[in-house]
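Protein chains get the first letters and strands the later ones, always in sequence-line order, with residue 1 at the start of each. Everything numeric in this text was worked out from a predicted model, so none of it was measured.
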Number of protein chains: 2
Amino acid sequence: MTIQDVAVLSGLSICTVSRALRKLPNVSEKAQSRVAEAASKLGYKASAAASRLAGGNTGSVAIVAPTATSWFFSQAVEAAEEVLGDSGYDTVLISLRNKATVRKQFFADLENLAQRVDGLLLLNIDLDPGELEALEACGLAMASVGMRNVPWDNVGIDDEHAAWQATQHLLGLGHWNLAVLSSNEHSVVTETPRFRGFRRALDEHHLTVHPDLVVASGPGIDDGRRAMTELITRGTKPTAVFAHCDEAAFGALTALREYGLSVPKNVSVIGIDDHPMSWFLGLSTVAQPVADQGAFAANLLCERLLNNESPHQPSNHLLDTKLIERKTTRHKR
Amino acid sequence: MTIQDVAVLSGLSICTVSRALRKLPNVSEKAQSRVAEAASKLGYKASAAASRLAGGNTGSVAIVAPTATSWFFSQAVEAAEEVLGDSGYDTVLISLRNKATVRKQFFADLENLAQRVDGLLLLNIDLDPGELEALEACGLAMASVGMRNVPWDNVGIDDEHAAWQATQHLLGLGHWNLAVLSSNEHSVVTETPRFRGFRRALDEHHLTVHPDLVVASGPGIDDGRRAMTELITRGTKPTAVFAHCDEAAFGALTALREYGLSVPKNVSVIGIDDHPMSWFLGLSTVAQPVADQGAFAANLLCERLLNNESPHQPSNHLLDTKLIERKTTRHKR
DNA sequence: CTGAAAGCGCTTACAG
DNA sequence: CTGAAAGCGCTTACAG
């Protein structure tokens with residue numbers, strides 16, 4: 001079935017039908033409703049291929065994630081896929097698989113991708129200048145989750161505040177000897193937002209960050225375990241530790257257990273995320289709304305796709321995070 | 001850039017170029033290599049839209065999953081996406097979000113989907129007869145993971161054997177008072193393969209399944225916890241429990257802890273899957289290769305897509321599972 | 001083995 | 001507000 005069938009049934013030209021279907025201006029209400037009726041009677045849906053070829057849209061958008069296997073990305077992706085689907089878009093999934101080669105290839109292929117999709121939803125991709133440039137050059141509509149200083153709509157959380165909430169919780173419990181498992185990207189020159197939040201909370205209590213109590217940790221359980229082990233073998237004795245994410249906190253829990261330290265009796269532990277396993281493990285944490293971030297960003301992208309004529313200021317939306325006290329944090333004795 | 005550019009550069013007609021690019025027969029080697037050279041020099045890639053419209057392929061395949069958020073599906077999806085990408089296909093993700101309405105809509109829209117993709121990779125979808133029919137009618141190439149008795153290539157594991165391995169492990173440890181957290185789909189009339197494996201292992205030891213020791217459990221942590229709690233409050237005293245999947249086992253672990261029962265001292269616990277958290281929690285389990293299943297099925301689908309002329313017998317590939325002893329199973333005292 | 005021509009189903013100026 | 005015509009970039013018979 002083609003647009004021709006709809007044209008015949010509605011008694012109008014395919015050209016008018018085409019316009020009516022896409023709700024373009026300059027179509028009489030009468031024509032509009034006749035077309036809508038005919039189309040729905042026929043169950044007609046325009047061929048994506050034909051419409052694309054003729055200069056229209058592809059009807060699909062790509063979601064690009066550093067990896068598709070982490071709980072964070074799989075939830076964000078599913079939520080985004082839902083809103084995209086509701087707006088009639090197919091979701092093409094592109095995982096960079098945490099590999100530099102895959103990533104490089106993605107950016108090299110961007111121009112080709114641009115002819116297959118209408119927009120890009122980027123999830124937590126740390127862009128270097130060349131990549132940013134390639135993205136801007138490809139002409140696709142964009143939106144992102146968890147990115148900073150990008151020239152398109154973004155949604156995320158206030159990482160500094162989340163870290164502040166976690167740290168403040170520990171401080172409020174009477175702890176003052178705090179360790180931090182800080183993300184790998186952290187360094188003396190470029191503090192991560194979460195580290196900044198940690199430090200700010202200490203500042204407010206007139207405490208200073210002790211260098212011996214900050215240790216780098218990747219985002220995985222193993223990473224957290226290794227970091228915590230290093231902390232313990234250093235001989236420093238924090239009474240509480242703030243891990244930059246829940247999985248790192250899980251690892252810290254393991255290391256603590258391995259060294260016979262009891263949580264929360266000897267040491268309190270808190271993370272950020274509210275990973276699905278955190279409830280199960282009783283981990284105190286600061287929850288971030290993952291599905292909401294994906295859905296919100298997808299909505300922004302859809303809006304952008306619908307009226308791409310109107311240039312607008314890129315917006316940055318920060319969703320609320322929330323402290324969740326469970327069993328790994330306790331008042332200092 | 002279009003096929004015309006390649007034609008000019010190679011000094012051949014677009015028609016020959018088209019054939020050469022798709023490696024169709026009846027193209028001289030000389031033409032073939034000239035075209036290949038010109039195309040690579042230009043970085044040419046055919047427009048998916050045009051090629052689709054002209055009766056060719058869409059260059060994309062859809063992966064359909066009951067949900068995209070579980071570790072199993074996100075791993076299978078990522079692995080499949082990798083092999084599809086390597087074969088030049090875009091992956092469109094469709095999550096049924098565990099919802100009947102979404103599922104219904106998917107099947108209703110199948111005909112439209114069929115014009116947007118070349119093939120379907122189905123992950124663990126339990127088909128009713130009508131759905132199977134719709135799938136066969138849509139004319140797409142197909143392959144699946146974890147499905148039974150389907151008229152297309154499938155890859156999975158031998159569930160009965162995996163359950164047998166887990167149960168046999170418990171039995172080998174001297175346990176004979178075994179409980180089972182069996183999947184919800186299990187009933188007296190339709191035993192699940194995993195339950196069958198459990199029963200067969202008992203049979204081989206001349207043991208019988210005690211009805212009081214089998215309890216239904218969904219696949220989630222909560223489900224497992226509820227099921228284990230029921231078992232405990234029933235007053236039955238198994239010395240070992242086999243959970244049909246790791247997450248249910250996690251829940252069982254929680255319930256056991258809540259009732260002051262120590263694992264593995266009082267009770268041994270084993271699951272199936274080797275969930276990413278199982279290592280962390282020390283759960284004994286029977287590992288199944290998840291990424292491999294996704295990748296394998298994707299490969300079968302690609303093969304099918306390449307030579308769709310040759311009709312072939314649907315194959316069913318069962319990948320190996322492997323017992324992993326960790327800390328939740330121990331010899332009966 | 002190769003090429004000229006028609007056509008896939010839309011959209012986009014351009015007239016009216 | 002509406003329609004006739006051209007064209008998007010390929011593939012597919014059909015000749016040669």
From the list [options], which nucleotide is the closest neighbour of the side chain of [X]?
| X | options | answer |
| --- | --- | --- |
| Arg22(B) | dA13(D), dG9(C), dT11(D) | dT11(D) |
| Thr2(A) | dC10(C), dT2(C), dT11(D) | dC10(C) |
| Ser51(A) | dC10(C), dT2(D), dT2(C) | dC10(C) |
| Ala54(B) | dG9(C), dC10(D), dG3(C) | dC10(D) |
| Thr16(A) | dC10(C), dC10(D), dG3(D) | dG3(D) |
| Ile3(B) | dG9(C), dT2(D), dC10(D) | dC10(D) |
| Cys15(A) | dG3(D), dG3(C), dG9(C) | dG3(D) |

Grab the [atom1]-[atom2] distance between [X] and [N] for me, whole Å please.
| X | N | atom1 | atom2 | result |
| --- | --- | --- | --- | --- |
| Glu29(A) | dC1(D) | CD | P | 10 Å |
| Leu24(A) | dG3(D) | CG | C1' | 15 Å |
| Asn57(A) | dT11(C) | CG | P | 9 Å |
| Asp118(B) | dC10(D) | CG | P | 16 Å |
| Ile14(B) | dA4(C) | CD1 | P | 9 Å |

Could you tell me whether the phosphate oxygens of [N], OP1 or OP2, come under 4.0 Å of any side-chain nitrogen or oxygen in [X]?
| X | N | result |
| --- | --- | --- |
| Ser18(B) | dC10(D) | no |
| Ser13(A) | dG3(D) | yes |
| Arg52(B) | dC10(D) | no |

Exercise for the section: Please check if any side-chain donor atom of Glu78(B) sits under 3.5 Å from a side-chain acceptor atom of Ser95(A), or the reverse. Expected result: yes

Practice task
Take Thr69(B) and Trp71(A) through the side-chain hydrogen bond (donor to acceptor under 3.5 Å, both in side chains) test and state the conclusion after the steps.
Solution key: CA-CA 7 Å; Thr69(B) 56; Trp71(A) 70 277; over 6 Å; no

Problem - Shortest non-hydrogen contact from Ser144(A) toward Leu121(A) - result: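 Result for this residue pair: N-CD1, 4.2 Å.
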
Handout entry: Note: Asp126(A)-Arg148(A) ion pair, threshold 4.0 Å (strictly below)
Key = no

Completion exercise
Whichever of Gln32(B) and Leu53(B) has the more 5' nearest nucleotide on DNA chain C, that residue is Gln32(B)

Exercise for the section: Could you walk me through whether Arg116(A) and Asp109(A) pass the salt bridge (Lys or Arg N to Asp or Glu O under 4.0 Å) test, one step at a time? Expected result: CA-CA 11 Å; Arg116(A) 287 175 280 147; Asp109(A) 188 53; 3.0 Å; yes

Exercise for the section: For Ala31(B), answer base if it contacts any base atom (sugar-phosphate contacts may also be present), sugar-phosphate if it contacts only those atoms, and nothing otherwise; contact means non-hydrogen atoms under 4.0 Å. Expected result: sugar-phosphate

